[in-house]
Protein chains: 4
Amino acid sequence: MLNRVILIGRLTRDPEMKYTPTGIATTTFTLACDRPFQTNGQKEADFIPIVTWRQLAETCANYLKKGRLTAVEGRIQVRSYENNEGKRVYVTEVIADNVRFLERGEQQEQSRSERNDPFQDDGRPIEIKEDDLPF
Amino acid sequence: MLNRVILIGRLTRDPEMKYTPTGIATTTFTLACDRPFQTNGQKEADFIPIVTWRQLAETCANYLKKGRLTAVEGRIQVRSYENNEGKRVYVTEVIADNVRFLERGEQQEQSRSERNDPFQDDGRPIEIKEDDLPF
Amino acid sequence: MLNRVILIGRLTRDPEMKYTPTGIATTTFTLACDRPFQTNGQKEADFIPIVTWRQLAETCANYLKKGRLTAVEGRIQVRSYENNEGKRVYVTEVIADNVRFLERGEQQEQSRSERNDPFQDDGRPIEIKEDDLPF
Amino acid sequence: MLNRVILIGRLTRDPEMKYTPTGIATTTFTLACDRPFQTNGQKEADFIPIVTWRQLAETCANYLKKGRLTAVEGRIQVRSYENNEGKRVYVTEVIADNVRFLERGEQQEQSRSERNDPFQDDGRPIEIKEDDLPF
DNA sequence: TTTT
DNA sequence: TTTT
């Protein structure tokens with residue numbers, strides 16, 4: 001009925017953009033959110049998978065980079081599928097509807113043509129198979 | 001760095017309370033959060049596991065019931081463990097620090113002694129094994 | 001850069017709907033949000049003005065009532081104006097983009113025609129003067 | 001019943017710390033939160049007053065500066081008082097319980113002794129009058 | 001001016 | 001009275 005998440009963290013690696021067969025852009029990345037406390041020197045961050053779609057996906061692919069401090073607003077989504085051993089696997093992701101770049105990169109000054117362009121030489125987006133879809 | 005979740009949904013079943021070997025109460029339940037849109041008649045809710053600790057765990061065990069509309073505030077936690085086939089399994093839960101009961105049950109009128117008491121007849125809490133721990 | 005508010009509380013009175021001269025619906029109401037603690041028996045709630053627009057405004061006018069438990073998602077807006085003594089007055093409101101009715105009223109069972117209709121007998125919305133605008 | 005605010009913005013000026021007569025630190029500042037849209041070239045930010053208390057107040061006074069990008073978590077508080085003309089004035093503030101410094105200043109590298117110390121030469125905190133209190 |  |  002209400003499902004709202006707000007995160008601030010750093011990308012664990014460069015974002016990955018793909019296109020659905022119908023040409024919809026989707027970009028995924030993982031946010032490392034440091035916990036406000038230490039658990040006996042053990043793991044102290046949560047690694048949260050983020051999924052973006054369409055225009056937001058393109059912007060994220062263009063402006064985000066590994067290590068960049070980033071704010072994400074969205075909702076928790078839980079999906080499940082059957083793996084090749086017939087066992088049900090649950091996947092939890094944050095579907096973002098608002099992403100804020102809290103650190104500017106050099107890339108931000110680049111012109112569009114200098115950026116990695118999500119299109120093939122013939123102008124068509126790179127297709128991905130259905131089972132590559134984040135949901 | 002910041003990790004905040006706010007959910008409103010209904011319990012899919014009665015909450016389950018356990019005690020750690022050191023006597024700390026922990027209650028878990030699952031919230032069904034209806035999505036604000038339908039995806040071609042398919043699944044239309046996210047089932048999100050909630051974990052509470054200590055005093056909050058006891059209150060949740062006493063006052064929550066299957067189907068009850070409930071608000072939860074907390075943070076996303078991702079933990080992983082190795083399963084018996086040696087594969088790493090990821091578990092995502094919301095660790096709640098604030099739970100609001102949006103519907104009063106008949107139980108809410110009961111006196112404490114009439115409620116299900118999380119103690120054994122001898123007054124000691126029911127112990128649970130370490131690997132029963134939600135995290 | 002990011003501005004997000006989530007509230008659960010009860011309406012202090014029935015919501016008020018108006019129309020701008022250009023025919024846009026806007027509904028305002030106040031949420032009483034009980035504080036989680038008591039300050040020496042003194043005031044123990046915050047009374048927060050909520051503003052909704054367009055379709056959401058119409059739904060709120062139709063379904064909300066004084067006393068009804070309600071969840072609101074939105075952003076804080078601070079506007080200021082000069083009063084008739086030439087002093088600047090600051091007004092803080094929550095502009096809602098998502099409202100959840102946590103209690104169903106009898107009205108919810110009523111058909112549309114039985115509800116208070118925001119239109120005049122001739123079908124035109126009731127106009128309001130510019131200075132009636134919530135912002 | 002639930003009252004949660006999350007903001008990201010920049011300080012409009014240096015924070016101001018005071019002490020209550022009983023020695024409790026309180027620091028206030030204003031966050032400029034740019035709106036995600038432009039309203040015909042008009043005002044495009046909300047200026048939101050933030051109040052912090054105790055340890056958090058001291059940390060904010062030590063580490064925040066005008067212009068610094070900052071995340072704030074807290075709750076909306078509405079208080080009112082009678083002004084000298086006998087009119088009731090309403091004040092809305094965000095009482096923060098979590099503040100994240102999203103930009104490091106040079107000051108952050110300084111040792112504690114180099115920072116502005118909130119104590120007088122004799123070690124006593126600077127007292128403030130009751131009506132200086134933010135609430 | 002305030003809700004349960 | 002406002003920040004980049």
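Order of the sequence lines sets the chain letters (A, B, ...), proteins ahead of strands, with each chain counted from 1. These figures come from a predicted structure and were not determined experimentally.
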So Thr27(D) and Leu64(D), do their side chains get closer than 4.5 Å, heavy atoms only?
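Side chain of Leu64(D) against side chain of Thr27(D), heavy atoms only: no contact under 4.5 Å found.
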
A side-chain contact here means heavy atoms from C-beta on lying under 4.5 Å apart; do Thr70(B) and Ile8(B) qualify?
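Side-chain contact under 4.5 Å: no.
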
If you assign each of Arg10(D) and Arg88(C) to its closest nucleotide in DNA chain F, which residue comes earlier from the 5' end?
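Here Arg88(C) is the residue nearer the 5' end.
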
Using whole Å, report how far [atom1] of [X] lies from [atom2] of [N].
| X | N | atom1 | atom2 | result |
| --- | --- | --- | --- | --- |
| Arg35(C) | dT3(E) | CZ | P | 16 Å |
| Ile76(C) | dT2(F) | CD1 | P | 19 Å |
| Asp46(C) | dT3(E) | CG | P | 15 Å |
| Met1(C) | dT4(F) | CE | C1' | 9 Å |
| Leu102(B) | dT4(E) | CG | P | 16 Å |

So which nucleotide from [options] ends up closest to the side chain of [X]?
| X | options | value |
| --- | --- | --- |
| Phe47(C) | dT2(F), dT4(F), dT2(E) | dT2(E) |
| Ala45(C) | dT3(E), dT1(E), dT2(F) | dT3(E) |
| Asp34(C) | dT4(E), dT1(E), dT3(F) | dT4(E) |

Is any side-chain nitrogen or oxygen of Arg13(D) closer than 4.0 Å to OP1 or OP2 of dT1(F)?
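Checking Arg13(D) against dT1(F): no side-chain N or O falls below 4.0 Å of OP1 or OP2.
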
Suppose we screen for side chain to side chain contact (heavy atoms under 4.5 Å, CB included). Which residues come up paired with Glu85(D), at least two apart in sequence or across chains?
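Residues passing side chain to side chain contact (heavy atoms under 4.5 Å, CB included) with Glu85(D): Glu85(C), Asn83(D).
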
Charged N to carboxylate O under 4.0 angstrom, Arg4(C) versus Asp97(C)?
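Salt bridge present between Arg4(C) and Asp97(C).
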
